[in-house]
2 protein chains.
Amino acid sequence: MPEPDEWTIPEVAVAVDLAVLTVHDYSLQIMLVKRGIPPYEGMLALPGGFLESTSEDLDHAAARELHEETGLDARALHLEQLRTYGTPGRDPRRRVITVCYVAFSPQLPAPVAGGDAREAVLMPVEKVLKPRTRIAFDHKKIIADAVERARSKLEYTTLAAAFCAPEFTMTDLREVYEIVWGEQLDPRNFHRKITGVDGFLVPTGERVSRQPGRPAALYRRGPAALLHPAMLRTRP
Amino acid sequence: MPEPDEWTIPEVAVAVDLAVLTVHDYSLQIMLVKRGIPPYEGMLALPGGFLESTSEDLDHAAARELHEETGLDARALHLEQLRTYGTPGRDPRRRVITVCYVAFSPQLPAPVAGGDAREAVLMPVEKVLKPRTRIAFDHKKIIADAVERARSKLEYTTLAAAFCAPEFTMTDLREVYEIVWGEQLDPRNFHRKITGVDGFLVPTGERVSRQPGRPAALYRRGPAALLHPAMLRTRP
DNA sequence: CCAAAAGTGTTCACCGTACACCCATGT
DNA sequence: ACATGGGTGTACGGTGAACACTTTTGG
């Protein structure tokens with residue numbers, strides 16, 4: 001194995017980027033920030049930034065950038081590494097390798113833009129991924145990967161609850177699936193399936209009436225992380 | 001988003017490491033190299049090395065290191081990114097971030113050690129992952145992640161065939177599953193399940209007699225990449 | 001002939017799908 | 001009263017698990 005002292009280490013900058021996904025306004029949305037400087041000035045990009053110091057952990061850098069650029073607290077949401085993108089030329093200024101993270105957030109409380117946050121906006125991924133929509137760097141590809149990760153993880157984990165408020169109804173949860181997958185699910189079979197998974201949901205005992213119709217039971221997230229048996233989408 | 005010219009970029013070295021998995025001697029084995037210099041001199045580590053230049057793609061660096069350190073050709077096997085490890089202090093000399101790849105290889109043709117390859121050895125992952133076995137850096141954790149990736153991908157992809165020679169029998173394929181999962185499978189149900197997956201296997205029409213008993217049909221890899229329906233291991 | 005491996009057929013339990021039906025509320 | 005959404009019961013079809021059974025070779 002070649003060793004770092006054997007030659008000059010190429011000057012590579014290491015960045016961390018964040019794909020923050022949330023369900024809002026009956027669509028899957030992603031948090032983007034408007035770039036204030038070139039390159040891609042004025043275009044939308046993923047929030048992120050460079051490692052601050054030699055001693056900063058990657059996960060820590062992700063959590064820090066999340067807070068700095070969006071005001072969100074990493075402890076309050078699910079944050080996981082997606083993959084690393086390093087094609088030469090992806091940043092026109094210099095060689096940049098970016099370690100990307102995905103975050104899954106419930107409906108955002110309030111101050112998305114403002115405060116420390118730069119101009120942060122939510123945009124439906126459906127719109128972002130349209131061929132005509134232009135996004136800075138290779139971030140569109142990253143967003144596509146993040147969305148596929150989310151879709152896939154709903155199948156075999158209890159991740160969907162991470163998109164819900166602390167207390168939620170079965171319909172809230174089902175709508176997460178429907179919105180992320182873009183597919184209608186049978187409410188009755190969904191209900192039975194989810195209640196059958198041990199440790200996914202904990203009933204609070206409370207009920208809410210948000211429309212005409214029978215009030216829905218409220219649940220909290222349970223301890224289970226894996227969905228067993230899995231909940232498979234209907235493939236094309 | 002902070003920009004690279006706003007401050008001094010921390011000196012971070014970017015490396016690429018490889019977890020090459022193969023089925024050999026009725027066990028899942030991983031390729032390791034013996035380190036010739038400190039730190040961890042004399043210990044076993046994953047093959048890998050630093051990015052050679054600012055313009056080298058990560059995937060290219062992985063393929064290059066694979067060839068340099070093991071003599072294998074990346075075009076002949078399945079190579080995919082695993083994840084990136086960057087905990088400060090994981091390399092005692094300086095800050096190193098390593099982008100790890102997993103490779104799945106059929107039985108290795110011949111010259112693993114020798115040639116360009118440094119002292120490369122195959123070792124059963126079961127032995128490597130024992131608590132008493134010491135491996136350089138944080139590579140044991142990386143190996144554990146790679147093994148879990150392999151186990152998991154067998155479930156929903158046709159990856160198992162990547163561990164087999166170009167022509168193989170149903171039993172060869174079943175043994176890949178059994179060895180990687182460490183679990184016995186019913187040969188009869190396995191046979192029916194696999195032949196039922198469209199495009200997984202293409203029969204060559206040939207037969208081989210390797211033991212007493214009815215000769216087995218030979219197959220080649222088919223075009224299918226995804227296993228549908230999935231082949232699930234029995235969870236604990 | 002016998003042992004052993006390859007491959008087929010059959011049975012049963014379980015799970016997903018579809019949908020009829022009942023329950024509880026707002027208007 | 002009635003529309004609307006929440007939740008239960010039930011029948012059907014497909015898949016996995018278990019295993020009896022046939023086929024085809026080596027010894």
Side-chain angles (χ1 to χ4, degrees), chain A residues 26 154-156 160 164-165 167-179 181 183-198 200-220 224 226-236, chain B residues 26 154-156 158 160 164 167-179 181 183-198 200-220 224 226-236:
Chain A
Y26 215 84
L154 290 200
E155 293 197 315
Y156 56 94
C164 295
E167 300 202 344
F168 52 92
T169 67
M170 193 61 79
T171 297
D172 293 335
L173 188 67
R174 177 169 46 82
E175 286 181 347
V176 169
Y177 275 92
E178 293 181 337
I179 291 164
W181 283 353
E183 181 184 323
Q184 294 297 112
L185 298 177
D186 186 304
R188 300 157 293 188
N189 292 332
F190 183 85
H191 184 281
R192 194 185 1 237
K193 166 112 196 175
I194 297 296
T195 50
V197 176
D198 221 62
F200 193 170
L201 299 186
V202 179
T204 66
E206 311 265 318
R207 298 176 163 278
V208 274
S209 247
R210 297 200 287 224
Q211 303 98 358
R214 179 171 168 176
L218 275 176
Y219 299 91
R220 264 189 274 271
L226 262 49
L227 216 48
H228 207 62
M231 174 116 174
L232 302 173
R233 22 179 184 166
T234 58
R235 313 264 176 187
Chain B
Y26 216 83
L154 289 199
E155 293 197 315
Y156 57 96
T158 61
C164 295
E167 299 202 344
F168 52 93
T169 67
M170 194 60 80
T171 298
D172 293 335
L173 188 68
R174 176 167 47 80
E175 286 181 347
V176 168
Y177 276 92
E178 293 181 338
I179 291 164
W181 283 354
E183 181 183 322
Q184 294 296 112
L185 298 177
D186 185 305
R188 300 156 294 188
N189 293 331
F190 184 84
H191 184 282
R192 194 187 0 238
K193 167 112 196 176
I194 297 296
T195 50
V197 176
D198 221 62
F200 192 170
L201 299 186
V202 179
T204 66
E206 311 264 317
R207 298 178 161 278
V208 274
S209 246
R210 297 199 289 223
Q211 304 98 358
R214 178 171 172 176
L218 275 176
Y219 299 92
R220 264 189 272 272
L226 262 47
L227 215 48
H228 206 63
M231 173 115 172
L232 302 173
R233 19 175 186 168
T234 58
R235 313 266 175 186

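Naming: A, B, ... by sequence-line order, numbering from 1 per chain.
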S.K.: Please give, in whole Å, the distance from D:dG5 C1' to A:F190 CZ?
M.R.: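 My rounded result for the distance is 15 Å.
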
S.K.: Give B:P187 one of three labels, base, sugar-phosphate or nothing, depending on what nucleic acid heavy atoms sit under 4.0 Å from its own.
M.R.: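 Touches nothing.
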
S.K.: Please say which of B:L226, B:L173, B:T195 ends up in a side chain to side chain contact (heavy atoms under 4.5 Å, CB included) with B:F200.
M.R.: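 Testing each of B:L226, B:L173, B:T195 against B:F200, the sole residue satisfying side chain to side chain contact (heavy atoms under 4.5 Å, CB included) is B:L173.
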
S.K.: Within this structure, what is the CD-CE distance for the pair A:E175 and A:M170, rounded to the nearest 0.5 Å?
M.R.: 13.0 Å

S.K.: Output one letter per nucleotide in nucleotides 18-27 of chain D: B when a protein non-hydrogen atom lies under 4.0 Å from the base, S when only the sugar-phosphate is that close, - when neither is.
M.R.: BBB--BBBS-

S.K.: A side-chain contact here means heavy atoms from C-beta on lying under 4.5 Å apart; do B:M231 and B:E155 qualify?
M.R.: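 No. Closest side-chain heavy atoms not under 4.5 Å.
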
S.K.: Are A:T169 and A:R210 packed together at the side-chain level, in the sense that at least one heavy-atom pair is separated by less than 4.5 angstrom?
M.R.: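 A side-chain contact exists here, since the closest heavy-atom pair is under 4.5 Å.
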
S.K.: Taking all non-hydrogen atoms of both residues into account, name the closest pair between B:E178 and B:Y26 and its distance.
M.R.: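 Scanning both residues, the minimum pair turns out to be OE1-OH, 3.5 Å.
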
S.K.: Check every nucleotide of DNA chain C for an atom under 4.0 Å from a heavy-atom of chain B, then give the first and the last such nucleotide from 5' to 3'.
M.R.: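 Span of nucleotides near chain B: C:dA4 to C:dT10.
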
S.K.: On the nucleotide D:dG6, are OP1 or OP2 found under 4.0 Å from the side-chain N or O atoms that A:H191 carries?
M.R.: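 No, because none of the side-chain N or O atoms of A:H191 sits under 4.0 Å from OP1 or OP2 of D:dG6.
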
S.K.: Taking any heavy-atom pair under 4.0 Å as a contact, classify A:T171: base, sugar-phosphate, or nothing.
M.R.: sugar-phosphate

S.K.: Indicate every side-chain donor-acceptor pair of residues 185-192 of chain A with a distance under 3.5 Å to a residue at least two apart or in another chain.
M.R.:
unit_1	atom_1	unit_2	atom_2	d
A:D186	OD1	A:R188	N	2.7
A:D186	OD1	A:R188	NE	3.2
A:D186	OD1	A:N189	N	3.2
A:D186	OD2	A:R188	NH2	3.1
A:N189	OD1	A:R192	NH2	2.9

S.K.: Is any side-chain heavy atom of A:L201 less than 4.5 Å from a side-chain heavy atom of A:F168?
M.R.: yes

S.K.: Say whether B:E167 and B:T204, considering side chains only, have a donor N or O and an acceptor N or O under 3.5 Å apart.
M.R.: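 The answer is no; no qualifying pair exists.
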
